[in-house]
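Sequence lines set the chain letters: A, B, ... in the order given, protein chains first and strands last, and positions in each chain run from 1.
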Number of protein chains: 2
Amino acid sequence: MNSGASIPQHRKLYEILRRHITEGIYAEGDLLPSENELCRLYGMTRPTVRQSLAGLANDGYIRKHQGKGSIVQLPPRDIGILSVSGTTSAVGNRNLKTRIIVKPVLIQWPGEFMFALTELEKESGCIYMERLRLLDAAPIFYDISYLANIGLPRITARKFENKSLFEILREHYKVEIKGGEQRIRAISPSPRIRKFLKLESGQPVLHLERRMVTNIEGLFLYSSIFCNTGKYSVFGRF
Amino acid sequence: MNSGASIPQHRKLYEILRRHITEGIYAEGDLLPSENELCRLYGMTRPTVRQSLAGLANDGYIRKHQGKGSIVQLPPRDIGILSVSGTTSAVGNRNLKTRIIVKPVLIQWPGEFMFALTELEKESGCIYMERLRLLDAAPIFYDISYLANIGLPRITARKFENKSLFEILREHYKVEIKGGEQRIRAISPSPRIRKFLKLESGQPVLHLERRMVTNIEGLFLYSSIFCNTGKYSVFGRF
DNA sequence: AATAATTACTTGTCAATACAAGTTTTTTTG
DNA sequence: CAAAAAAACTTGTATTGACAAGTAATTATT
């Protein structure tokens, strides 16, 4: 007796609460409604509600305390794993804008790719895109993404403006980033990158090459990111 | 009716299976016994068994496939935190040497410290040291470490040559690094750093400011690391 | 013999219930 | 009034039962 679609109830509640947290309806430190209250509110039983909350806790959106409740926690990894921290204050998602430089296109994988590829990936072809990400109208990231064309129908037709690639993948294809690896170095930017990031000559750039593992077997997400760390620094946990 | 201790059953099964995986009783790619078999084997009901498996899946020890089973996966779990990867091949610990520039001394915490300090830390004073780390005789890292003087007797008298600070803390004080956070940026090095890292003029440097959490309540480890990423890049997992 | 349909087995979802174990609030007691 | 005890919350653990959905092996069919 599913109401509408075949999305599990615990998943629906997870999405609802997650949205409420990220949109600020619950502030950091707030107590979520108790499990029994959520049962009444959304017409589920406690195991189902608990499954939703377990997911939220696992993804760092809440902390559970026995006898007390579920405390809201704002995960710092805003832009999936790669978040920015200003020198003075943290930056919300509001001021972050994305400009597409190269729309998603299906190409052949480049020779000499930065990571080793599986046969399946090579055969499937590569979804390629370039994006410039601005914080308060100042360009911060230049992001080149590579993605194997595995189980992602019509992705090149979607609108990416002001939506993170992660969000698109999560909402429409149920792809979750589980982890990954990265190489980091400080470089002198190429003229092209310097132009996009509006850098003065001699200003160094942070370069990240990352490979992200997803919940989908065989699907990885690669990006080469150039980052102006003049005003902001890249923040990460480990 | 707990048999012995107050450790939950699902936790016990988690530990058992986790040990079996890490000890190689199950190899990578193997199928774990089915949930119903585990129920019979360990005298639990399916929700309990599923809770154990959910934990293992969450921690990357297995992958679950509906209709198929739980497939064993060996997590990469590299706690190296800061490892170096050359452009061609990975580098072992053998060629890594450490030179002490400033021996461990007890000082006052600097004003305007890179991270917020607790009152306990401020009161306890700061153990300070500077080290240069060389890979194949080429200087790669310049590491400035800060450490609150909490439960670390006689640490300033110890020999640090060719031993990582982590090793000293682990062996003599049972301090384990549990995780942490870091800020990363690309900078133009100061003359002092440039001299130590033997950099050519104009060559950028990777700067990491990190705060590490330990198993000791209230004890954190801070470092400011300058890194020559000309030949090697910094490698990390997330 | 190759293909299609069936069956058996797997994990996924969900309900209803019970009690244990922490935390907070209220009430009782001195 | 203050402290202790009780009650009323909270989340944690565990059982039992049922059906859905995906996968693999078996059987029947052509």
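At a non-hydrogen distance threshold of 4.0 Å, B:Thr45, B:Arg46, B:Pro47, B:Thr48 from residues 30-49 of chain B come into contact with DNA chain D.
Proximity of B:Cys227 to B:Val234: side-chain heavy atoms (C-beta onward) are separated by under 4.5 Å at one or more points.
Not a single ring pair (Phe, Tyr, Trp, His ring centres under 6.0 Å) links A:Tyr42 to another residue, sequence neighbours left out. B:Glu37 meets the side chain to side chain contact (heavy atoms under 4.5 Å, CB included) test with B:Pro33, B:Ser34, B:Arg40; sequence neighbours excluded. Every ring pair (Phe, Tyr, Trp, His ring centres under 6.0 Å) that A:His207 has, sequence neighbours left out, goes to A:Phe226. The salt bridge (charged side-chain N to carboxylate O under 4.0 Å, His left out) search around B:Arg46 returns B:Glu35, not counting sequence neighbours. Among residues two or more places apart in sequence or in another chain, the side chain to side chain contact (heavy atoms under 4.5 Å, CB included) test is passed with B:Pro47 by B:Thr45. Applying the side chain to side chain contact (heavy atoms under 4.5 Å, CB included) criterion to A:Val175, with sequence neighbours excluded, gives A:Leu152, A:Leu169, A:Tyr173, A:Thr214, A:Asn215, A:Ile216, A:Leu219. With sequence neighbours excluded, the residues that form a salt bridge (charged side-chain N to carboxylate O under 4.0 Å, His left out) with B:Lys122 are B:Glu119. For the ring pair (Phe, Tyr, Trp, His ring centres under 6.0 Å) test, residues two or more places apart in sequence or in another chain that qualify with A:Tyr222 are A:Trp109, A:Phe113, A:Phe115.
For the OP1/OP2 pair of C:dT13 and a distance below 4.0 Å, the side-chain nitrogens and oxygens of A:Gln9 include no atom meeting the criterion.
Over its full length, the helix from C:dA1-D:dT30 to C:dG30-D:dC1 turns its helical axis through 10°, comparing axes from the five pairs at each end and rounding to 10°.
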Atom pairs under 3.5 Å, N or O on each side, protein against nucleotides 22-26 of chain D: can you list them with distances?
{"from": "D:dG22", "atom 1": "N2", "to": "B:Gly67", "atom 2": "O", "distance (Å)": "3.2"}
{"from": "D:dT23", "atom 1": "O4'", "to": "B:Gly67", "atom 2": "O", "distance (Å)": "3.4"}

Distance-only donor-acceptor hits, side chain of residues 14-21 of chain A, under 3.5 Å, sequence neighbours excluded:
{"from": "A:Tyr14", "atom 1": "OH", "to": "A:Asp59", "atom 2": "OD2", "distance (Å)": "2.5"}
{"from": "A:Glu15", "atom 1": "OE1", "to": "A:Arg170", "atom 2": "NH1", "distance (Å)": "3.2"}
{"from": "A:Glu15", "atom 1": "OE2", "to": "A:Arg11", "atom 2": "NH2", "distance (Å)": "3.0"}
{"from": "A:Glu15", "atom 1": "OE2", "to": "A:Arg170", "atom 2": "NH1", "distance (Å)": "2.8"}
{"from": "A:Arg18", "atom 1": "NE", "to": "A:Tyr61", "atom 2": "OH", "distance (Å)": "3.3"}

